[in-house]
Amino acid sequence: NTELIYNAVIILFIMEIDERVFETIDSVNRRWIDKVTRRKEMEEEITMSSSGIGEKSDGVLTAEEIGALLEHTRQLEKRMQLLEAKNATLDLGKSEDIDT
């Protein structure tokens with residue numbers, strides 16, 4: 001039990017130091033932090049989703065949205081088939097190397 005408490009205190013201490021270092025870097029070089037964390041992109045996404053842009057109040061998808069999702073699913077299926085084919089050829093190459 002004491003070891004568990006000891007480890008928890010160490011983790012909390014390290015987290016506190018991490019936060020202080022982040023705050024210091026943020027105050028010194030805000031643009032770098034924004035670039036690294038993509039802060040502005042995330043804020044825009046949150047603003048858009050909370051304002052309801054592209055969403056209906058009842059949560060039902062439109063025919064256009066369903067069509068776009070179906071098309072995206074088809075594209076993903078094609079990519080998956082290509083990857084599976086490449087994987088199969090790689091597996092065949094490995095088994096031939098092992099046999100020789």
Side-chain angles (χ1 to χ4, degrees):
N1 286 340
T2 6
E3 188 175 334
L4 183 64
I5 293 172
Y6 178 75
N7 289 337
V9 168
I10 289 174
I11 290 172
L12 290 172
F13 180 71
I14 291 171
M15 288 175 59
E16 186 67 27
I17 289 174
D18 180 57
E19 285 182 38
R20 302 286 179 181
V21 168
F22 182 82
E23 288 172 1
T24 303
I25 294 172
D26 192 27
S27 64
V28 171
N29 196 348
R30 178 168 289 256
R31 286 188 306 173
W32 182 76
I33 294 289
D34 287 345
K35 180 180 162 187
V36 170
T37 61
R38 297 180 179 164
R39 184 184 300 166
K40 293 190 183 201
E41 291 174 18
M42 291 171 46
E43 287 174 356
E44 288 174 3
E45 288 176 12
I46 291 170
T47 304
M48 286 179 66
S49 65
S50 65
S51 66
I53 295 174
E55 297 178 5
K56 293 175 21 181
S57 60
D58 59 2
V60 177
L61 295 175
T62 64
E64 290 174 356
E65 292 170 327
I66 292 172
L69 286 172
L70 288 172
E71 179 59 31
H72 186 68
T73 303
R74 285 186 205 106
Q75 290 174 358
L76 289 174
E77 287 174 346
K78 287 178 185 177
R79 288 181 185 174
M80 187 177 71
Q81 290 171 351
L82 289 172
L83 289 172
E84 286 174 344
K86 286 180 182 180
N87 191 23
T89 58
L90 290 173
D91 285 343
L92 286 174
K94 286 182 183 179
S95 65
E96 290 174 2
D97 290 341
I98 293 172
D99 292 339
T100 53

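Values reported hereafter were calculated over all heavy atoms of this structure, with side chains retained and with hydrogens, waters and symmetry mates removed. It should be emphasised that the depicted structure is a prediction, and the values quoted were computed from it without experimental measurement.
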Quiz prompt | Atom pair CD (Glu23) and CG (Asp18), whose distance is rounded to the nearest 0.5 Å | solution = 10.0 Å
Quiz item: Does Ile17 share a hydrophobic cluster with Tyr6, counting links as ILVMFWY side-chain heavy atoms below 4.5 Å and allowing steps through other members?
Solution: no
Exercise. Please list, chain by chain and in numerical order, all residues satisfying side-chain contact (heavy atoms from CB on, under 4.5 Å) with Ile14, sequence neighbours excluded.
Key: Ile10
Self-check item: salt bridge (Lys or Arg N to Asp or Glu O under 4.0 Å) contacts in which one or both residues fall within residues 2-13, not counting sequence neighbours
Solution: none
Practice problem: Taking salt bridge (charged side-chain N to carboxylate O under 4.0 Å, His left out) as the test, write out the residues that go with Glu16, two or more places apart. | Solution: Arg20
Quiz item: Considering residues at least two apart in sequence or located in another chain, which fulfil the side-chain contact (heavy atoms from CB on, under 4.5 Å) criterion with Val9?
Solution: Ile5
Quiz item: To which residues is Leu4 joined in a hydrophobic cluster, defined by side-chain heavy-atom contacts under 4.5 Å among Ile, Leu, Val, Met, Phe, Trp and Tyr, whether direct or through other members?
Solution: none
Self-check item: Gap between atom CG of Leu82 and atom CG of Asn87 - 0.5 Å precision
Solution: 12.5 Å
Name the atoms and distances for all side-chain donor-acceptor pairs under 3.5 Å in residues 70-81, with sequence neighbours left out.
unit_1 : atom_1 : unit_2 : atom_2 : d
Glu71  : OE1    : Arg74  : NH1    : 3.3
Glu71  : OE2    : Gln75  : NE2    : 3.4
Thr73  : OG1    : Leu69  : O      : 2.7

